[in-house]
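Let me begin by presenting the structure, written as structure tokens, before commenting on it.
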Amino acid sequence: MTAPCVADYSCLEICPVSCIHPHPDHPDFDTVEQLFIDPQACIDCGACVDACPVDAIHAEEQLPERWKHYARINREHFEVASRV
Ligand code: SF4
Ligand code: SF4
């Protein structure tokens with residue numbers, strides 16, 4: 001996800017492998033400013049790209065230049081989560 005994400009959860013509902021977090025049953029669900037895609041679990045099906053109403057999701061190789069650092073932000077979200 002990139003900065004335009006408005007956390008409306010359209011992508012989360014459509015993802016076939018549930019790799020978009022946090023899920024609705026997670027304590028952080030109501031407080032996060034954006035959702036995150038786990039790059040290890042994502043199968044690159046593209047369903048979330050089409051579902052997003054604000055164009056906040058891009059395949060990594062198609063990330064606009066100004067959003068390129070979000071690949072790292074998404075990856076690090078899960079690296080930090082796996083350490084706690
Ligand atoms: S591209 Fe990845 S994150 Fe998006 S719906 Fe498919 S598996 Fe889920
Ligand atoms: S569909 Fe787009 S705006 Fe909605 S939560 Fe997913 S990335 Fe964010």
Side-chain angles (χ1 to χ4, degrees):
M1 311 323 183
T2 61
C5 175
V6 293
D8 76 335
Y9 314 120
S10 301
C11 55
L12 190 150
E13 290 171 1
I14 208 166
C15 179
V17 294
S18 298
C19 67
I20 300 175
H21 299 264
H23 288 174
D25 57 358
H26 192 281
D28 291 345
F29 184 75
D30 290 329
T31 56
V32 289
E33 292 183 11
Q34 70 159 87
L35 300 188
F36 302 90
I37 294 175
D38 182 348
Q40 303 280 2
C42 174
I43 59 171
D44 293 326
C45 72
C48 58
V49 176
D50 294 334
C52 181
V54 293
D55 209 18
I57 310 176
H58 307 267
E60 186 165 4
E61 61 277 9
Q62 292 168 352
L63 264 173
E65 194 61 39
R66 68 187 186 286
W67 302 137
K68 283 209 182 300
H69 59 295
Y70 273 88
R72 176 179 48 79
I73 289 172
N74 278 257
R75 189 170 56 246
E76 288 181 352
H77 175 80
F78 294 96
E79 290 171 356
V80 169
S82 69
R83 285 200 294 267
V84 291

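Atoms within each ligand, like the ligands themselves, are counted from 1 in listed order. Sequential numbering from 1 along the given sequence is applied to the chain's residues.
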Quick one: are Pro16 and Cys45 in side-chain contact, heavy atoms under 4.5 Å? yes
Looking only at protein heavy atoms, identify the closest one to atom 8 (Fe) of ligand 1 and say how far it is in Å. Cys15 SG, 2.4 Å
Are any of the side-chain heavy atoms of Ile37 and Ile57 separated by less than 4.5 Å? yes
Around atom CD of Glu65, are there more than 12 heavy atoms from other residues, nucleotides or ligands closer than 6.0 Å? no
Hey, is Val49 touching ligand 1 through its side chain, its backbone, both or neither, going by heavy atoms under 4.0 Å? neither
Atom 5 (S) of ligand 2 has as its nearest protein heavy atom Tyr9 N, 3.3 Å
Under 4.0 Å, heavy atoms only, figure out whether ligand 1 is touched by the backbone of Cys19, its side chain, both or neither. side chain
Quick check: does Cys45 have an N/O/S atom under 2.8 Å of atom 6 (Fe) of ligand 1? yes
Can you find a pair of side-chain heavy atoms, one from Tyr9 and one from Ile20, that are under 4.5 Å apart? no
Number the atoms of ligand 1 from 1 as they appear, then name those within less than 4.0 Å of a heavy atom of Pro16, with their elements. 5 (S)
For atom 2 (Fe) of ligand 1, which protein heavy atom lies nearest, and how many Å away is it? Cys42 SG, 2.3 Å
Contact between Ile20 and ligand 1, counting heavy atoms under 4.0 Å? yes
Between Tyr70 and His58, is the gap from one ring center to the other below 6.0 Å? no
Where ligand 1 meets Val17 - atom numbers and elements under 4.0 angstrom, heavy-atom basis: 7 (S)
Could you check if a side-chain atom of Asn74 sits within less than 4.5 angstrom of a side-chain atom of His69, using non-hydrogen atoms only? no
Under 2.8 Å from atom 2 (Fe) of ligand 2, the protein N, O or S atoms, given as residue and atom: Cys52 SG
Contact partition for Ile43 relative to ligand 1, non-hydrogen atoms under 4.0 Å: both
Atoms of ligand 1 close to Ile37 [distance to a heavy atom under 4.0 angstrom, numbered from 1]: 3 (S)
Are the side chains of Pro22 and Leu12 in touch, meaning some heavy atoms are under 4.5 Å apart? no
